[in-house]
S.K.: 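This structure is in structure tokens; I'll ask about it shortly.
Letters A, B, ... mirror the listed sequences (proteins, then strands); counts begin at 1. None of the values given here were measured: they were computed from a predicted structure.
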2 protein chains.
Amino acid sequence: MDEAEPGLQVVHQLRAVTVELDLLGAEFAQRNGLHPTDLRALICLLDAARSNTPATPGRLGGQLGLNSAGTTALVDRLERLGHVRRVRDSRDRRRVLLEVDERAVALGWSFFGPLITEMVAELRTFSDTELATVQRFLLTVQQILAAQRDSSKATASSPPPQKERGPR
Amino acid sequence: MDEAEPGLQVVHQLRAVTVELDLLGAEFAQRNGLHPTDLRALICLLDAARSNTPATPGRLGGQLGLNSAGTTALVDRLERLGHVRRVRDSRDRRRVLLEVDERAVALGWSFFGPLITEMVAELRTFSDTELATVQRFLLTVQQILAAQRDSSKATASSPPPQKERGPR
DNA sequence: ACATAGTATCTCGCTCAGCGAGATACTCGC
DNA sequence: GCGAGTATCTCGCTGAGCGAGATACTATGT
């Protein structure tokens, strides 16, 4: 358990954190009558709203790795629960814009709120320098993961131009 | 958009990291003909093997939040792919021990290997003090998440004594 | 204008992961 | 041994997500 390499410990810890957060999310989702995917969708939608990016089914499905049928079903679910509304884009009338409802925001907050409160409290024990270090670390990880994802995606579609999505 | 509170940024970054890692995992899983759950199960099994904890279907299902039927199906899948073997425990013959195959170890490594390599390389640019900070941060997060999970579990079963969810 | 290609979304039918309920096989205290 | 408790498996079902294709609109060439 005590590795010589410092990076290993960090990777394992990071993995443990993500597993924990994943489970917390799943539990929260279940309690609120939605699926892990739905929660992730809400997070994406809230992010989009926050950065003024127009949210559409297509974009959402792409981010979550769903195909169009699954995306439609997902949006149906969210709409039925009143978290989003479908509104035809008046400029490009093929598109549907997803408007996030107040209750979705509230739900997101009820999930992240307590987490943030706790984290903020604990992070007060970190100096500015330490905080900067943590942020640098997280940014680094994020970039590595993004790169990894791109490269593996490239490997998958490079050799043969076959679709190869679900090797059941 | 730009929060005054430092904790918020960190939480958002952390969330972004977990989403990214999640997607990477899902993609990797799919490419290897298994489901996200299967990959998580493999991780749990490797962790168990690593810490000399006997792995059984019951334990595994508990960790992943599956009920017994789902767990059986999961183990069936893993066994069919040759990642684990079912072996009756000779001491308590109700139990089944899950032996992890080499190929599962190799598979786990092919997922985490590149990630670890990259991380270790990047983490070399961190001083010992900074590494310690990062580790303290991760540990803190882990504890907060665990606490959050416990408390929400308590809240769920407190008001009405209904079953609602698989008790451990 | 008008066909044609391209794009965004939805519909239909299907597969299979995971659930609840219950069966089965074993251990252990009395 | 007998009954209570525990670990795993079986059965039938629900529903998330897939592939294929329909639909509705935009953009482009002629």
Side-chain angles (χ1 to χ4, degrees), chain A residues 22-23 26-27 29-31 33-42 48 53-81 84-99 162-168, chain B residues 22-23 25-27 29-31 33-42 53-81 84-99 162-168:
Chain A
D22 233 27
L23 289 174
E27 207 166 293
Q30 188 155 26
R31 179 154 321 137
L34 29 82
H35 303 261
T37 303
D38 301 1
L39 181 57
R40 291 208 289 170
L42 278 179
T53 312
T56 67
R59 256 190 91 74
L60 183 61
Q63 286 177 322
L64 298 175
L66 298 180
N67 78 358
S68 63
T71 304
T72 299
L74 164 67
V75 176
D76 281 351
R77 242 148 41 210
L78 293 179
E79 196 172 37
R80 199 176 317 126
L81 289 171
V84 300
R85 280 179 302 277
R86 277 187 240 237
V87 181
R88 277 281 167 197
D89 187 343
S90 50
R91 296 179 205 290
D92 184 342
R93 288 175 43 71
R94 291 168 304 183
R95 304 176 59 169
V96 166
L97 299 179
L98 300 177
E99 284 183 3
Q162 62 187 5
K163 64 265 190 83
E164 175 60 44
R165 201 64 177 88
R168 223 38 15 163
Chain B
D22 231 29
L23 288 174
E27 209 166 290
Q30 188 153 30
R31 178 154 318 139
L34 29 81
H35 303 262
T37 304
D38 301 1
L39 181 57
R40 290 208 289 171
L42 237 48
T53 311
T56 67
R59 254 190 94 74
L60 183 62
Q63 286 177 319
L64 297 175
L66 298 180
N67 78 356
S68 64
T71 304
T72 299
L74 165 67
V75 176
D76 281 350
R77 242 153 30 207
L78 293 179
E79 196 173 37
R80 198 175 318 126
L81 290 171
V84 300
R85 281 179 302 275
R86 277 187 240 236
V87 181
R88 277 279 166 201
D89 188 343
S90 51
R91 298 179 204 291
D92 183 342
R93 290 176 41 72
R94 291 168 302 183
R95 305 175 82 195
V96 165
L97 299 178
L98 300 177
E99 286 184 1
Q162 63 188 7
K163 70 277 178 65
E164 175 58 39
R165 173 113 171 55
R168 78 179 268 92

S.K.: Could you give the CG-to-C1' distance, from A/Leu60 to D/dG17, as a whole number of Å?
M.R.: 14 Å
S.K.: Using a heavy-atom cut-off of under 4.0 Å over every strand shown, decide if A/Asp92 touches base, sugar-phosphate, or nothing.
M.R.: sugar-phosphate
S.K.: A/Thr56 versus A/Leu97: any side-chain heavy-atom pair under 4.5 Å?
M.R.: yes
S.K.: Can you find a heavy atom in the side chain of A/Val75 that is under 4.5 Å from one in the side chain of A/Val96?
M.R.: no
S.K.: For D/dG19, does either OP1 or OP2 sit under 4.0 Å from a side-chain N or O belonging to A/Asn67?
M.R.: yes
S.K.: Check the distance between C/dA17's P and B/His35's NE2 and give it to me in whole angstrom.
M.R.: 4 Å
S.K.: Using both pair distances under 3.5 Å as the test, note the stems of at least 3 consecutive Watson-Crick or G-U pairs that include DNA chain C.
M.R.: C:1-30 with D:1-30
S.K.: I need the CZ-P distance between B/Arg91 and D/dA7, as an integer number of Å.
M.R.: 17 Å
S.K.: Distance check needed: D/dT23 C1' versus A/Arg93 CZ, whole Å only.
M.R.: 13 Å
S.K.: Is any side-chain heavy atom of B/Asp76 closer than 4.5 Å to one of B/Arg80?
M.R.: yes
S.K.: Would a 4.5 Å heavy-atom cut-off, applied to side chains only, mark B/Arg40 and B/Leu74 as touching?
M.R.: no
S.K.: Does a side-chain N or O of A/Arg77 approach OP1 or OP2 of D/dG17 to a distance below 4.0 Å, or not?
M.R.: yes
S.K.: How many angstroms lie between atom NE2 of B/His35 and atom CG of B/Leu78, to the nearest 0.5 angstrom?
M.R.: 10.0 Å
S.K.: For B/Arg59, look at atom CZ and say whether over 12 heavy atoms of other residues, nucleotides or ligands are found less than 6.0 Å away.
M.R.: no
S.K.: Taking CG from A/Leu34 and P from D/dG17, how many angstroms apart are they, rounded to a whole number?
M.R.: 12 Å
S.K.: So which protein nitrogen or oxygen atoms get under 3.5 Å of nucleotides 9-13 of chain C's nitrogens or oxygens?
M.R.:
from	atom 1	to	atom 2	distance (Å)
C/dT9	OP1	A/Val96	N	3.2
C/dT9	OP1	A/Val96	O	3.2
C/dT9	OP2	A/Gly58	N	2.7
C/dC10	OP1	A/Arg86	NH1	2.6
C/dC10	OP2	A/Arg86	NH1	3.0
C/dC10	N4	A/Ser68	OG	2.5

S.K.: Could you tell me whether a side-chain N or O of A/Arg88 sits under 3.5 Å from a main-chain N or O of A/Arg93, the two making a donor and an acceptor?
M.R.: yes
S.K.: To the nearest 0.5 Å, what is the distance between OG1 (A/Thr71) and CD (A/Gln63)?
M.R.: 10.5 Å
S.K.: What is the distance, to the nearest angstrom, from the CG atom on B/Leu64 to the P atom on C/dC19?
M.R.: 10 Å
S.K.: Measure from CG on B/Asp89 to P on C/dA25 and round the result to the nearest Å.
M.R.: 18 Å
S.K.: Within the side chain of B/Glu79, is there an N or O that forms a donor-acceptor pair under 3.5 Å with the backbone of B/Arg86?
M.R.: yes
S.K.: Round to the nearest Å and state the distance from A/Leu81 atom CG to D/dA16 atom P.
M.R.: 10 Å
